[in-house]
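Starting off with a structure, shown below.
Worth saying up front: this structure is predicted, and the values here are computed from it rather than measured. First listed ligand is number 1; within each ligand, the first listed atom is number 1.
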Amino acid sequence: MNDSRVASKAPLRILCQQEHGSCAACCGVSNFYDRSDAAMHRRLQRRTALVLAAWPDESELARARDQLLAEEAPEVLFAAVKVCPFAGHVDDDARVGCLLHPTRHPTGADLRDLAVYPKEVCAGHFCASHDWLRPREADLAQSARGSVYGRVVTDAALVKAVARAVDDVLCRGWVSADLAGAGAELGALWTLLLQEWPFVDPDPRRFGGFFFDGADAIERSLPSACFGLSVAVSAPERIIIDAIGTRPLDDADGAAALGLLRGGLARVARAMGR
Ligand code: SF4
Ligand code: SF4
């Protein structure tokens, strides 16, 4: 199959699932106005219940698909990015994955053509992070746990910037072995940046460094949230601040935001044995 979404060869290291985190971003799980943990959980629970009730009858599954697509349509953020209703809770309530995966089928049948992409795309697509993250950056991304994992692992620019910002604090390039002693601090940093950041843009159409609007949405890069600040901001700090969807900052908020970010980075660096 000649489809640019399908890798000619699987990457050596697949980032989609790991022991402490899972991702289904390319199946559209984050493409909603409300991306709170509670809304994501409710949506995934609903899908899982409907799909399991239909499983593995193909016409019942098609009916469940159509019902879920209709229910979720008003909540979708960016119409040009497909949302597959077959991404749900697999194994337990915390792990997201493909409910149609052939390993789940009693005879191993691949029913993914029922979904929003051809099954070859489902089986063979690996997002850009698989190419762009160097080994230590992939290790850093995989320090994320739980519901922030998918958000971290799919944002190569954010991961690279955090890696460089920690280098800057350490005054040396850290190596993967340094991550072992900093698991708790890294977990706290990802939580701060992606779940607790007090300077996040309140507009739900903001997604990381982009802004989406309606069915005809085009993604538009925004001016940096740090634009015009009188305090000095390093290049990696600016990339981090923009990637996590920060609203435009004035000098007071800019200083507070940098203080929070630098505090989190410093705790990681200390735990790495600065
Ligand atoms: S977005 Fe990337 S890491 Fe996430 S499920 Fe898709 S290919 Fe895997
Ligand atoms: S059917 Fe394809 S698009 Fe849908 S959840 Fe499974 S892998 Fe993702």
Ring of Phe199, cation from Arg247 - is the NZ or CZ under 6.0 Å from the centre and inside 45° of the axis?
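Ring-cation test returns no.
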To the nearest 0.1 Å, how far is atom 4 (Fe) of ligand 2 from its closest protein heavy atom, and which atom is that?
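So the nearest neighbour among protein heavy atoms is Cys84 SG, 2.3 Å.
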Suppose I only count heavy atoms of Ala87 and a 4.0 Å limit; which atoms of ligand 2 are within that range?
5 (S)
Are any of the side-chain nitrogens in Arg262 or Asp168 under 4.0 Å away from the carboxylate oxygens of its partner?
no
How close does the nearest protein non-hydrogen atom get to atom 6 (Fe) of ligand 2, and which residue and atom is it?
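So the nearest neighbour among protein heavy atoms is Cys98 SG, 2.3 Å.
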We want to know whether Asp178 and Ser176 form a side-chain donor-acceptor pair, criterion being a heavy-atom distance below 3.5 angstrom.
no
Ion pair present between Arg267 and Glu185, side-chain N to carboxylate O less than 4.0 angstrom?
no
re atom 2 (Fe) of ligand 2, the protein heavy-atom contact at minimum distance is Cys122 SG, 2.3 Å
When you compare the side chains of Thr103 and His105, does any donor N or O come within less than 3.5 Å of an acceptor on the partner?
no
Hey, which atoms in ligand 2 end up nearer than 4.0 Å to a heavy atom of Phe86?
5 (S)
Lys/Arg N to Asp/Glu carboxylate O, Arg112 vs Glu120, below 4.0 Å:
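So Arg112 does not pair with Glu120 through a salt bridge.
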Among side-chain atoms of Gln195 and Arg151, is any donor-acceptor pair under 3.5 angstrom?
no
Are any N, O or S atoms from Cys27 nearer to atom 6 (Fe) of ligand 2 than 2.8 Å?
no
Considering only non-hydrogen protein atoms, determine which one is nearest to atom 1 (S) of ligand 2 and report residue, atom name and distance to 0.1 Å.
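For atom 1 (S) of ligand 2, the nearest protein heavy atom is Ala115 CB, 3.4 Å.
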Are any of the side-chain nitrogens in Asp34 or Arg42 under 4.0 Å away from the carboxylate oxygens of its partner?
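No, this pair does not count.
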Check ion pair Asp201-Arg206 (N to O, under 4.0 angstrom)
yes
Strictly under 2.8 Å, how many protein N, O or S atoms lie near atom 2 (Fe) of ligand 1? Waters don't count.
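N, O or S atoms of the protein closer than 2.8 Å: 1.
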